Number of protein chains: 2
Amino acid sequence: MTTRLSDIADEAGVSVMTVSNVMNGKRARVSPATIEKVLGIAARLGYVPNIPARSLAANSSHIVAALVPVGENNSLLVSPHTVAVVGGMETHLRHHGYHVLLRGIEHEDQVAQTIRGWSLDGVVLVEFPDEQIDRLRVDTVPLVAIDSYSANPRTIGVRSDDHGGGRLAGRRLADAGHRGVLFAGPPYQGMGVVGQRWAGFREACLEAGLDPGGVGSVEVLTSFEDGRRLGLRLRRDHPGVTAVFATADHLAVGIMAGIVEAGGSVPGDVSVIGFDDLDFARYTTPGLTTIAQNMPAKVAEASRIILAEIERGAGAGDREPVALDVHLVERGSVGPPRA
Amino acid sequence: MTTRLSDIADEAGVSVMTVSNVMNGKRARVSPATIEKVLGIAARLGYVPNIPARSLAANSSHIVAALVPVGENNSLLVSPHTVAVVGGMETHLRHHGYHVLLRGIEHEDQVAQTIRGWSLDGVVLVEFPDEQIDRLRVDTVPLVAIDSYSANPRTIGVRSDDHGGGRLAGRRLADAGHRGVLFAGPPYQGMGVVGQRWAGFREACLEAGLDPGGVGSVEVLTSFEDGRRLGLRLRRDHPGVTAVFATADHLAVGIMAGIVEAGGSVPGDVSVIGFDDLDFARYTTPGLTTIAQNMPAKVAEASRIILAEIERGAGAGDREPVALDVHLVERGSVGPPRA
DNA sequence: TTGAAAGCGCTAACAG
DNA sequence: CTGTTAGCGCTTTCAA
């Protein structure tokens with residue numbers, strides 16, 4: 001039924017190993033004539049390598065798993081971010097002969113279990129909180145952690161320049177003349193993505209001469225609905241605020257909607273600036289001014305690192321975390337404060 | 001290093017087979033005492049089954065692949081749809097002990113190759129054009145095709161009630177009093193998703209008494225930018241049109257933007273209705289009135305079918321295609337035509 | 001209820 | 001340049 005290496009070997013009159021070597025590109029070890037013959041037969045017979053057999057024998061699977069934490073019965077790939085990362089990496093990895101296993105992680109231990117059980121060659125951690133990454137103890141395969149600031153030496157962080165992005169946003173609002181600004185982001189611990197953005201934002205505002213009391217922050221979950229609720233009560237709860245920096249476009253757009261719903265206008269009464277530059281940032285009225293992440297670069301970088309680490313074995317290397325540049329995209333949701 | 005079945009067998013003083021049977025839930029064949037002992041040792045040793053070995057021996061992998069066609073160097077998971085399907089199925093399948101391999105397909109042949117090479121247990125086809133599904137010849141594993149109307153008996157289609165959705169849209173516009181309406185969707189062949197929506201839309205419009213000449217259609221790619229361009233030239237190219245039905249929210253939102261940019265208003269000058277009910281449909285001003293798909297149901301149904309087919313072997317079964325209900329979500333982009 | 005033998009298809013390591 | 005020998009860890013089949 002299925003063509004095996006031995007079928008090709010029989011027909012070519014060579015050993016299975018020779019065929020194996022040819023199929024795996026170890027052609028330095030085989031004569032050109034043999035290579036050509038083997039390749040011809042393989043093509044004619046429609047040979048397709050058996051991945052499990054290869055994985056078992058070589059103790060390496062050519063699989064890179066994209067691991068995403070799941071709580072409750074949540075579905076995966078909820079954030080457009082995660083989607084871009086997973087989809088983009090599949091493309092890169094496929095071009096290099098690797099495959100992507102998509103897996104939701106319910107409990108930390110499953111990370112190590114999955115690596116062993118599948119003989120994984122590499123792992124990409126997406127949306128993992130830093131505290132969880134800190135606890136990971138895996139030293140057999142390269143681990144790339146997207147958007148992580150964990151100090152775990154076993155992992156390599158790939159993220160945007162969140163601190164710089166925060167600065168860009170702070171500077172923009174300060175330059176526009178705002179003196180009462182608000183940072184809106186999810187609850188966080190330590191100096192992760194959110195902490196970095198807040199630190200950069202605050203720093204730039206203060207540098208620009210804002211009064212520390214004029215730079216506030218509020219905790220909101222990253223969703224349109226939670227943003228909307230904040231927008232609705234903004235004038236009441238934060239009377240001095242004339243501009244808001246949200247850590248995510250979803251949130252920013254919700255805040256805009258809430259402000260308008262409460263009878264205010266953007267940017268007339270309140271300016272809003274987001275982070276990410278997702279598709280829909282241009283769908284709103286006015287368009288959302290936001291800090292754009294370079295997702296293609298992020299994905300390319302993550303793929304490059306994973307592949308490089310796999311090649312050189314999960315050992316030493318430039319295990320330097322990577323930070324991708326961000327930039328400001330002007331669309332219309334930021335203006336001067338009302339006089 | 002790694003715990004194997006034989007390690008457990010040695011320690012328990014039983015054979016490897018007994019341990020294997022215990023671990024696979026074939027417990028009818030083993031005495032309760034043995035089961036308990038084996039389970040205890042397995043837990044203590046931190047046993048993790050080796051997936052490649054199991055796949056090789058059993059010629060079945062417990063893997064379901066999500067296959068997505070890719071053109072050029074496009075990235076996967078571009079549409080929010082695909083994302084919902086893949087992410088949702090991973091959750092369902094994981095709860096039943098199956099895994100998801102995400103794979104971009106560059107050439108049709110890779111479908112069959114992937115199935116053989118991985119000993120896949122099932123396949124989900126996402127975003128595949130019907131013509132390509134028609135040509136697929138695979139009879140070893142269950143194939144679920146999302147949004148497919150292919151007649152290929154080897155595949156099981158799971159989709160929304162596209163014809164009914166088209167009807168809903170047509171009825172809504174006709175009821176509002178529109179007499180010159182336009183269907184905007186991507187180029188298509190046969191009666192696939194787009195064809196169904198168009199047929200339903202046209203049917204409902206004519207039933208409501210519209211003149212056949214008043215029900216036009218135009219080909220536009222499914223993107224914000226192409227929609228915007230259509231919106232910009234709408235008044236010039238389609239002077240009699242007072243309402244547009246777009247086959248996708250992305251497109252609909254772009255059309256709205258183009259209309260406004262050209263100096264018109266929605267729904268004052270032109271009404272717009274979309275399809276999908278994606279998140280951002282509520283972010284626009286006015287919100288987008290659209291036909292909502294029941295994505296959770298679609299995903300659940302697809303998963304259920306795949307699992308059922310795997311259980312019963314890729315043979316007979318209720319290979320009936322499934323169509324999920326849709327409904328109209330009113331938001332504000334549809335109103336009466338200008339008098 | 002349990003076990004022994006055989007092999008899934010492939011590759012590592014070494015020998016020639 | 002090519003082949004031989006041994007398995008990888010698990011399940012299938014059949015026997016006890």
Side-chain angles (χ1 to χ4, degrees), chain A residues 1-39 42 45-63 97 113 115-121 140 313, chain B residues 1-39 42 45-63 97 113 115-121 140 313:
Chain A
M1 180 69 213
T2 304
T3 307
R4 288 157 302 188
L5 283 185
S6 61
D7 296 329
I8 300 174
D10 289 351
E11 189 155 339
V14 298
S15 80
V16 174
M17 264 323 292
T18 299
V19 181
S20 170
N21 283 139
V22 171
M23 300 313 290
N24 291 0
K26 301 193 193 300
R27 303 189 182 170
R29 306 171 166 282
V30 188
S31 78
T34 310
I35 290 179
E36 192 161 354
K37 188 199 288 180
V38 167
L39 250 26
L45 263 39
Y47 173 72
V48 179
N50 182 309
I51 312 275
R54 171 190 291 179
S55 302
L56 180 59
N59 190 33
S60 135
S61 58
H62 274 59
I63 298 178
Q113 286 171 10
I115 293 171
R116 270 173 43 199
W118 288 85
S119 305
L120 292 181
D121 283 357
T140 49
Chain B
M1 182 67 212
T2 303
T3 306
R4 287 157 303 188
L5 244 28
S6 61
D7 296 328
I8 300 175
D10 289 350
E11 190 155 338
V14 298
S15 80
V16 172
M17 264 324 293
T18 299
V19 181
S20 170
N21 282 140
V22 172
M23 301 313 292
N24 291 1
K26 302 192 193 302
R27 303 188 183 173
R29 305 171 167 282
V30 188
S31 76
T34 310
I35 291 180
E36 192 162 353
K37 187 198 290 181
V38 166
L39 249 27
L45 263 40
Y47 174 70
V48 179
N50 182 310
I51 312 276
R54 171 192 293 180
S55 302
L56 179 58
N59 191 33
S60 136
S61 58
H62 274 58
I63 299 179
Q113 285 171 11
I115 292 170
R116 271 175 40 202
W118 288 85
S119 306
L120 292 183
D121 284 355
T140 49

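Since we're looking at a predicted model, the values are computed, not measured. Proteins come first, then strands; the chains are lettered A, B, ... in the order of their sequence lines, and each starts at number 1.
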Round to a whole Å and report the spacing from CD of Glu36(B) to P of dT1(C). 16 Å
Under the side chain to side chain contact (heavy atoms under 4.5 Å, CB included) test, which residues partner Ala57(A), sequence neighbours left out? none
Students should find that the end-to-end axis angle of the helix from dT1(C)-dA16(D) to dG16(C)-dC1(D), with five pairs defining each axis and rounding to 10 degrees, is 30°
Taking atom P of dC10(D) as reference, at what distance in whole Å does atom CD1 of Ile51(B) sit? 10 Å
Short question: side chain of Asp10(A), backbone of Asp7(A) - any donor-acceptor pair under 3.5 Å? no
Hey, what do you get for CG (Leu120(A)) to CZ (Arg116(A)), rounding to the nearest 0.5 Å? 12.0 Å
Separation of atom CD1 in Ile8(B) from atom P in dG9(D), rounded to whole Å: 13 Å
Strictly below 4.0 Å: does Ser20(B) bring a side-chain N or O up to OP1 or OP2 of dT11(D)? yes
Using modelled atom types only, decide if a donor and an acceptor are shared between the side chain of Ser55(B) and the backbone of Pro52(A) within a distance under 3.5 Å. no
Whole-Å distance, Met23(A) CE to dT2(D) C1', equals 18 Å
Sub-4.5 Å side-chain heavy-atom contact between Thr2(A) and Val48(A): no
Tell me whether Ser119(A) contacts the main-chain N or O of Ser61(A) through its side chain, where contact means a donor paired with an acceptor under 3.5 Å. no
Could you check whether any side-chain heavy atom of Arg54(A) comes within less than 4.5 Å of a side-chain heavy atom of Pro49(A), counting everything from C-beta outward? yes
Supply the atom-to-atom distance Asn21(A) CG to Met23(A) CE, rounded to the nearest 0.5 angstrom. 11.5 Å
What contact category does Ser55(A) fall into here, base, sugar-phosphate, or nothing, at under 4.0 angstrom with non-hydrogen atoms? nothing
For nucleotides 3-9 of chain C, read 5' to 3', which letter fits each nucleotide if B means a protein heavy atom sits under 4.0 Å from the base, S means only the sugar-phosphate is that close, and - means neither? BB--BBB
Spacing of Asn59(A) atom CG and Asp121(A) atom CG [to the nearest 0.5 Å]: 9.0 Å
Rounded to whole angstrom units, what separation is found between the CZ atom of Arg116(A) and the P atom of dG9(D)? 11 Å
Tell me what Thr34(A) touches on the nucleic acid: a base, only sugar-phosphate, or nothing, going by heavy atoms under 4.0 Å. sugar-phosphate
Nearest whole Å is fine: how far is dT2(C) C1' from Asp10(B) CG? 16 Å
